[in-house]
Chemist: 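Starting off with a structure, shown below.
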Amino acid sequence: MHKFEKLKGKFTQRWLSNSSEYYLPIFVRLYNAQFNYLDRKGYTIPLEAIQQLKAVDKIGRELDLDDSIIAELRSKLQIEDFDKDEFRAMLYLQAGFGDWSEIAASIDTVNRGFIKLLEAAEPLAAMPLIRLQLENLTYIAAELKYPFRILHKVFIEGKQLSEIKIKNKAIVPSAIRKEFDEEHSYNLDELYKAYSSYVHPSSKQTNFEYNVYYSNKEGKEVIPQKEIKRLCKDMIYINRIIAILLLAQTFKYNSGLIHYETAGFSK
Amino acid sequence: MKQQDFLNKAYKAELTDIALEIFKLKADKEKENTIEFLPFSMCVIRNNDAFLTLWEAEQIEAAITFIRLQAELFVYLYAELLYPERIIKKVFLKSKTLEQIKIKGEQLKQSDIRAEIVKQFPKFTDIWNKYHTFIHPSFEKGSILLCRRDSYFTDKALSDIIDINRWIMDTYVKIKGRYKKPA
């Protein structure tokens with residue numbers, strides 16, 4: 001099995017510096033599961049149609065899907081319950097893109113930055129990155145709750161999460177976290193509030209304590225390994241939840257347990 | 001502050017010194033010993049150090065986050081210039097957020113402070129608009145994550161954080177001037 005196919009087990013500290021390798025098999029499975037789910041629903045667009053779009057230079061990270069193109073492509077499909085967002089997602093998947101590229105890169109960037117700052121004995125600076133990872137987790141949770149309707153709108157259409165409406169109701173990020181906390185006995189909302197104190201100026205930052213010593217050998221301040229392990233705890237916890245959510249969603253797609261009401265979504 | 005001074009971390013001494021000078025001036029003039037500007041300076045130093053660590057490790061996307069954090073710290077310091085003794089002490093010693101502070105019965109809004117900043121530092125609008133979305137997943141963040149080398153953001157990130165540091169020192173000097181005894 002190629003290294004990108006094999007799952008890597010539980011997320012641990014060592015993956016912080018190379019989380020793209022950890023998440024690659026997870027995202028590959030998710031992409032495949034989404035493709036198969038949309039294929040079963042009848043969204044597979046004929047290859048020649050995709051090639052025609054490429055030929056007129058309409059394929060790019062931002063596809064120009066105006067109503068006439070959608071109508072033309074829709075006529076080639078036999079779908080009972082057509083959903084514009086699912087159709088858009090399939091077009092992107094078949095064109096070689098997916099909705100997860102940016103968030104996957106963001107997860108990795110935050111992890112690598114976090115461990116880099118701890119290794120540079122700058123733990124207080126690393127703490128805001130835990131809040132950023134919680135932001136990533138919130139957006140992933142929203143995307144899993146409303147598939148194909150969130151990440152594309154954020155990263156391609158430039159919307160913030162709170163500007164996205166589902167069935168005419170704006171999404172409330174804290175409500176997404178609270179819902180996941182209740183369903184899965186997590187404490188994401190509590191963590192979010194705690195780490196927000198490291199993003200915005202606050203007295204909490206002046207009371208932050210950690211062990212550090214000066215290493216004559218290295219000629220600089222160093223945080224002991226046991227202390228790094230303590231400081232990594234919440235970041236590792238968040239990564240484990242991200243992995244579990246993505247794998248659980250993949251399982252749901254593959255086992256046919258996914259059923260989303262399309263009533264009220266875009267047609 | 002010149003680029004080389006920033007890269008050599010000259011800001012550590014400058015920011016610590018000015019916070020200590022304000023402490024001494026306040027102690028002399030107002031007979032009050034409060035150290036609120038020291039934790040503020042420590043936060044600015046923290047953000048600069050983090051930016052440089054990540055910048056030098058070529059982790060530009062993560063480094064840019066600290067420009068946004070630095071810009072917010074500058075907003076707080078400018079609020080202190082506008083409303084002396086009402087901001088930095090309350091935030092760093094009394095655990096208040098900016099939005100919890102009232103001036104003449106009205107809650108402070110960051111957007112109002114930023115509007116005042118722009119009158120003196122017009123370039124601040126560009127910097128705030130460019131980086132404020134980096135706290136959340138966003139179009140701008142996505143574009144830099146996938147197209148880093150060509151990004152509009154990475155070219156100017158270093159000069160932008162240096163600008164913010166200059167403005168912080170400018171504002172700090174004005175705040176310090178308040179506590180000087182007249183000649």
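Just so it is clear: chains get the letters A, B, ... in the order the sequence lines come, proteins before strands, and each one is counted from 1.
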Chemist: Going by heavy atoms in the side chains, are A:Ser202 and B:Thr97 under 4.5 Å from each other?
Modeler: no

Chemist: Any chance CD of A:Glu190 has more than 12 other-residue heavy atoms, nucleotides or ligands included, within less than 6.0 Å?
Modeler: no

Chemist: Using a cut-off of under 4.5 Å on heavy-atom pairs, state which of B:Asn47, B:Leu73, B:Asp49 scores highest against chain A.
Modeler: B:Asp49

Chemist: Report which part of B:Phe40 has an atom under 4.5 Å of a heavy atom belonging to chain A: side chain, backbone, both, or neither.
Modeler: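 Contact with chain A is absent: no heavy atom of B:Phe40 under 4.5 Å.
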
Chemist: Please look at A:Ile103 and chain B and tell me whether the side chain, the backbone, both or neither of the residue comes under 4.5 angstrom of a heavy atom of that chain.
Modeler: side chain

Chemist: Heavy-atom pairs under 4.5 Å with chain A - which of B:Pro39, B:Ala50, B:Cys43 has more of them than the others?
Modeler: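 That would be B:Ala50.
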
Chemist: So for atom NZ, which belongs to B:Lys123, do other residues, nucleotides or ligands contribute more than 12 heavy atoms lying within a distance under 6.0 Å?
Modeler: yes

Chemist: Counting only heavy atoms from other residues, nucleotides and ligands, does the tally under 6.0 Å from NZ of B:Lys9 exceed 12?
Modeler: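 Yes, because the 6.0 Å sphere around NZ of B:Lys9 holds more than 12 heavy atoms from other groups.
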
Chemist: Which pair of heavy atoms, one from A:Phe155 and one from B:Ser138, lies closest together, and at what distance?
Modeler: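 Reported closest heavy-atom pair: CD2-O, 3.2 Å.
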
Chemist: Are there residues of residues 107-125 of chain A whose heavy atoms fall under 4.5 Å of chain B's heavy atoms? If so, which?
Modeler: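 Interface residues of residues 107-125 of chain A: A:Thr109, A:Arg112, A:Gly113, A:Lys116, A:Leu117, A:Ala120, A:Glu122, A:Leu124, A:Ala125.
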
Chemist: Is A:Lys204 atom NZ crowded by more than 12 heavy atoms from other residues, nucleotides or ligands, each under 6.0 Å away?
Modeler: yes

Chemist: Any side-chain heavy atom of B:Arg46 within less than 4.5 Å of one from A:Gln205?
Modeler: yes

Chemist: Quick one: what part of A:Pro128 sits under 4.5 Å from any heavy atom of chain B, side chain, backbone, both or neither?
Modeler: side chain

Chemist: Calculate, to the nearest 0.5 Å, the distance between atoms CG and CD1 belonging to A:Leu132 and B:Ile135 respectively.
Modeler: 5.5 Å

Chemist: Side chain, backbone, both or neither: which part of B:Phe92 has a heavy atom under 4.5 Å from chain A?
Modeler: both

Chemist: What closest approach, in Å, do A:Val154 and B:Pro137 show between heavy atoms, and which atom pair accounts for it?
Modeler: CG1-O, 3.5 Å

Chemist: How long is the gap from OG on A:Ser106 to NE2 on B:His136, to the nearest 0.5 Å?
Modeler: 12.0 Å

Chemist: State whether a side-chain donor-acceptor pair under 3.5 Å links B:Glu72 with A:His200.
Modeler: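 There is such a pair between these side chains.
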
Chemist: When you look at NZ of B:Lys174, are more than 12 heavy atoms from neighbouring residues, nucleotides or ligands closer to it than 6.0 Å?
Modeler: yes

Chemist: If I compare all heavy atoms of A:Pro201 with all of B:Val91, which pair ends up nearest, and what's the gap?
Modeler: O-CG1, 3.5 Å

